[in-house]
Amino acid sequence: MRSRPIGFLLSTLAGAALAFGGATATASANPSSAPETGSASVGAARAADGCYTWSGTLREGSSGEAVRQLQIRVAGYPGTGNQIAIDGAFGPATKAAVTRFQAAYGLAADGIAGPATFSKIYQLQDDDCTPVNFTYAELNRCNSDWSGGKVSAATARANALVTMWKLQAMRHAMGDRPITVNGGFRSVSCNSAVGGAANSRHMYGHAADLGAGSQGFCALAQAARNHGFTEILGPGYPGHNDHTHVAGGSGRFWSAPSCGI
Ligand SMILES: [Zn+2]
């Protein structure tokens with residue numbers, strides 16, 4: 001900033017403070033240079049993001065909605081074959097997921113979510129809380145209101161949000177190249193219309209069908225194992241030679257025989 005008379009500077013700072021008090025300010029600080037913990041400069045009143053702003057550091061033992069919001073964002077970092085609970089309780093699995101997220105983005109990997117971690121998340125999310133490279137529209141080509149599935153519309157939409165954050169983690173791990181999503185949530189009638197399985201996870205909002213993109217079906221299926229997908233169906237599994245299906249939810253079922261899965 002250039003030198004200014006002190007009165008002007010003070011009024012400018014006051015204006016900036018007001019601007020940052022709104023919900024539209026975007027995080028632009030270099031996260032790698034920010035202190036991870038103990039910063040008094042991140043005030044509880046400052047809304048850093050249009051979707052959700054964390055007001056304090058979270059660590060193992062923390063609990064509540066702030067933790068639950070964090071868990072959604074790091075759901076794609078559970079470790080191979082695992083899935084983390086989105087339950088608002090910051091336990092060892094959440095700590096490990098936060099650590100993997102931090103490592104993936106070159107942050108100090110200590111499993112404690114502080115300003116640097118939150119700054120990175122703010123960079124990665126849109127104002128509707130979806131990760132920047134995925135949209136609710138991509139995850140629902142069936143209807144506009146998420147109704148008619150096996151769970152409430154709100155639950156289906158929430159499940160799709162978690163699926164998107166898993167896909168964002170997978171996308172980053174695969175070199176940040178676009179991942180093609182050809183569909184996700186299906187109402188019961190949409191599922192019937194496409195001949196989906198009777199208890200398809202598409203009806204819960206958990207599932208996404210991926211196009212080959214630049215990665216190829218097998219590379220997508222293989223990578224999905226590392227990012228919280230409990231159901232992976234790909235080439236060699238009946239009906240899945242033309243897409244890779246990934247989904248969350250309870251119980252593991254992976255089958256893509258042509259890909260060694
Ligand atoms: Zn599918």
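When a ligand or atom number is given, it counts from 1 through the structure's own listing order. The first residue of the sequence shown is numbered 1, and numbering continues consecutively from there. Source: prediction; values computed, not measured.
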Legend entry - Heteroatom test (N, O or S) for H202 near the Zn ion (ligand 1), limit 2.8 Å: yes

Legend entry - Nearest heavy atoms of G211 and L220, plus distance in Å: O-CD1, 3.2 Å

Legend entry - the Zn ion (ligand 1) to nearest N/O/S of H240 less than 2.8 Å: no

Legend entry - Heavy-atom check, side chain of R186 versus side chain of S200, under 4.5 Å: yes

Inset, instruction - Would you name the N/O/S atom of D209 that lies closest to the Zn ion (ligand 1)? - result: OD1

Legend entry - Residue H245 atom name (nearest to the Zn ion (ligand 1); N/O/S): ND1

Legend entry - Charged tip of K166 within 45° of F229 ring normal and under 6.0 Å: yes

Inset, instruction - Salt-bridge test for R157 and D128: reply yes if a basic N is under 4.0 Å from a carboxylate O, no otherwise. - result: no

